[in-house]
Amino acid sequence: MNTALLYHLLDVDPADGPAELLHRARGSRHLPHLVLSALAREDVRMGEPARAELRRARARADRYAGLALDLARSTGVRAIHGLPLAGYYPADLLRPQDGLDLVAPGEAALWQAVVRLVTDHPVETVDVTLLGDRPHHTAVTVRWPAEDPLLDPWYRVRLATAALPGDCATVPVRPYLVADDHVECLIALAEAQLRTRAGGGAVGAVGAVGPGAGAVGASSGPPDPLTLLDLSCLTDQPFEPAETAAVLAAYRLAPEAAALLDLAAPLLPLGTLAAVRTALTPELAPERRRRAEAAAGPRLPVRHGTLLRRTVIRHTWDEARLLGAGDSHEGGALLLTPVADYLLGAPDASPTLADRSTALDALHHWDTHC
């Protein structure tokens, strides 16, 4: 990867120079940090404010990597999507990271990791979503401010018991990722295309997913530059075409992977991924038929937690406790976790004051009698 590719993907004339490249990058997520690192690698002159911004971004990336290593050792969670993709970038290029995505081997490990984060960092928000009914998958997003919250984004760690959440309609939850690292990264990019096409809404280990099934094999537009840069770092990896296509099909992502590679082909040399795209072709029609049949079935329920109270950490709890109407609560279900208690409801609905009052009464009853 070189600066010429950045000019190309950000649609900047090289004659306009690095200032215009950086200006364009500032409108695309956290790409300015990657552009700054690329310019620093080529010894482009920059002032101290730009160098300080780059140092802070590198420190934040190092902190995420350290968090992932520490939590993997202590709880068994492991990083997916952003951090593994960053490992394929050249050492002196900084892949933008707006958070750390982790998948847990089970709910107990997830809450152990959340407790570690709440204990070790000035956590201000802990958001919880349940995907499915009984059994369900749990997703938690933990946030705390950066050292300079006026200039830098907050730290954000997303943890889930499901690696791939699907679209809650035609693409099911797939809890585990079992493949070579570079294949897992391609799977993560395809899943991100599924979420982008579905339009936002529910939750998963690697971000929000939407309520719709999406048009199979279609795309809402070209992938963002970061996705293309990620792909460019994977093109020389040893993908085995037939095996990779079969894995993508097993994860129900053949249409998204094919659409992504088709969009990237005019912009990037695909290298080993060109053969993967060819091998995906016979997998597309079966997945379209499967999704068409699944669209007539029930949707996967999604419940988002509205915070009722933060609690003293319940160190003896391995898992959260779900209380419903049969547990002396007549409103929506309550979720009691090792770090906070929540009223569960639809992701796009806000509880009324009466709902909250009833829920708090139920919590008081639980505190008193349980």
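The NE2 atom of H8 sits 7.0 Å away from the CG atom of L5 when rounded to the nearest 0.5 Å. Expressed to the nearest 0.5 Å, how far CG of L343 lies from CG of L360 amounts to 9.0 Å.
A salt bridge is absent between E293 and R290: the closest approach of a Lys/Arg side-chain nitrogen to an acidic carboxylate oxygen does not fall below 4.0 angstrom. Between E48 and R55 a salt bridge is recorded (basic side-chain N to carboxylate O distance below 4.0 Å). Between R56 and E147, none of the side-chain N atoms (NZ, or NE/NH1/NH2) sits under 4.0 Å from a carboxylate O, so this pair counts as no salt bridge. Salt-bridge annotation for R299 and D167: absent, with no side-chain N of the basic residue lying under 4.0 Å from a carboxylate O of the acidic one. Taking the charged nitrogens against the carboxylate oxygens, E191 and R195 have no contact shorter than 4.0 Å, which rules out a salt bridge. The existence of a salt bridge linking E20 and R24 is confirmed by a sub-4.0 Å separation between a basic side-chain nitrogen and an acidic carboxylate oxygen. A salt bridge links E53 with R26: the distance from a Lys NZ or Arg NE/NH1/NH2 to an Asp or Glu carboxylate oxygen falls below 4.0 Å. In this structure, D70 pairs ionically with R116, as a charged nitrogen and a carboxylate oxygen lie closer than 4.0 Å. Ion pair R78/E184 flagged as a salt bridge, since at least one NZ, NE, NH1 or NH2 atom sits closer than 4.0 Å to an Asp/Glu carboxylate oxygen.
The hydrophobic cluster containing V178 also contains L189, counting ILVMFWY residues as joined when their side-chain heavy atoms lie under 4.5 angstrom apart, directly or transitively. Neither L151 nor Y64 shares a network with the other; the hydrophobic side chains, linked directly or stepwise wherever heavy atoms of I, L, V, M, F, W or Y lie under 4.5 Å apart, form separate groups for each.
With 3.5 Å as the limit, one finds a donor-acceptor pair spanning the side chains of R63 and H121. For the residue pair T3/E42, the side-chain donor-acceptor check at 3.5 Å is satisfied. Under the 3.5 Å distance criterion, with hydrogens and angles disregarded, no donor-acceptor pair is assigned to the side chains of D181 and Y88. Under 3.5 Å, the side chains of D355 and T352 contain a donor-acceptor pair of N or O atoms.
For R156 and W154, the positive end is not near the middle of the six-membered ring at less than 6.0 Å and at most 45° from its axis.
For the side-chain contact (heavy atoms from CB on, under 4.5 Å) with V35, the lone residue among L93, L10, V44 that qualifies is L10. With V276 as the partner, the side-chain contact (heavy atoms from CB on, under 4.5 Å) test is satisfied by one option alone out of L273, T278, T272: L273.
Although no hydrogens or angles enter the test, the distance criterion places no donor-acceptor pair under 3.5 Å between the side chain of R314 and the main chain of L336. A donor-acceptor distance shorter than 3.5 angstrom exists from the side chain of T337 to the backbone of V339, with no hydrogens or angles considered. Using modelled atom types, one side-chain atom of S37 and one backbone atom of L34 make a donor-acceptor pair closer than 3.5 Å. For the pair D224 (side chain) and T227 (backbone), a donor-acceptor distance under 3.5 Å is present. Between the side chain of R174 and the backbone N or O of P172, at least one donor-acceptor pair lies under 3.5 Å. The closest donor-acceptor contact from the side chain of T244 to the backbone of P241 lies at 3.5 Å or more, if one exists at all. Although no hydrogens or angles enter the test, the distance criterion places no donor-acceptor pair under 3.5 Å between the side chain of S357 and the main chain of L353. A distance-only check finds a donor-acceptor pair linking the side chain of E107 to the backbone of A320 [under 3.5 Å]. Within the 3.5 Å criterion, the main-chain N or O of L229 finds a donor-acceptor partner in the side chain of S232. At least one donor-acceptor pair closer than 3.5 Å links the side chain of T161 to the backbone N or O of T138.
Heavy-atom neighbours of R309 CZ from other residues, nucleotides or ligands within 6.0 Å: above the threshold of 12.
Considering every non-hydrogen atom in both L85 and C185, the closest pair reads CD2-CB, 3.5 Å. Between T235 and P269, the shortest heavy-atom distance links the atoms CG2-O, 3.5 Å. Taking both residues in full, the closest heavy atoms of A109 and T75 are given as CB-O, 3.3 Å, listed atom of the first, atom of the second, then distance. Here the shortest heavy-atom pairing between W366 and L323 reads CD1-CD1, 3.4 Å. Across all their heavy atoms, T170 and A294 have their closest contact at CA-CB, 4.1 Å. Taking each heavy atom of A245 and E283 in turn, the nearest pair found is O-CG, 4.2 Å.
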**OP:** Using the side-chain contact (heavy atoms from CB on, under 4.5 Å) rule, take L83 and D101 through it: C-alpha gap first, then chi angles, then the decisive distance, then the call.
**Re:** CA-CA 8 Å; L83 189 59; D101 300 308; over 6 Å; no
Subject >> D16 and Y7: CA distance, side-chain angles, deciding distance, side-chain contact (heavy atoms from CB on, under 4.5 Å) verdict >> reply: CA-CA 10 Å; D16 292 335; Y7 278 102; 6.0 Å; no
Original post:
Going through the distances and angles, do R143 and D127 end up as a side-chain contact (heavy atoms from CB on, under 4.5 Å)?
Top reply: CA-CA 9 Å; R143 297 180 180 87; D127 295 326; 2.6 Å; yes
**OP:** Please test D230 against R95 for salt bridge (charged side-chain N to carboxylate O under 4.0 Å, His left out), starting from the C-alpha separation and ending with a verdict.
**Re:** CA-CA 9 Å; D230 288 339; R95 183 192 185 274; 2.9 Å; yes
Subject >> From CA spacing to verdict: side-chain contact (heavy atoms from CB on, under 4.5 Å), V128, L307 >> reply: CA-CA 9 Å; V128 178; L307 179 67; over 6 Å; no
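Among residues two or more places apart in sequence or in another chain, the ring pair (Phe, Tyr, Trp, His ring centres under 6.0 Å) test is passed with Y251 by none.
Ring planes of F239 and H182: perpendicular class, angle over 60° (limits at 30 and 60°).
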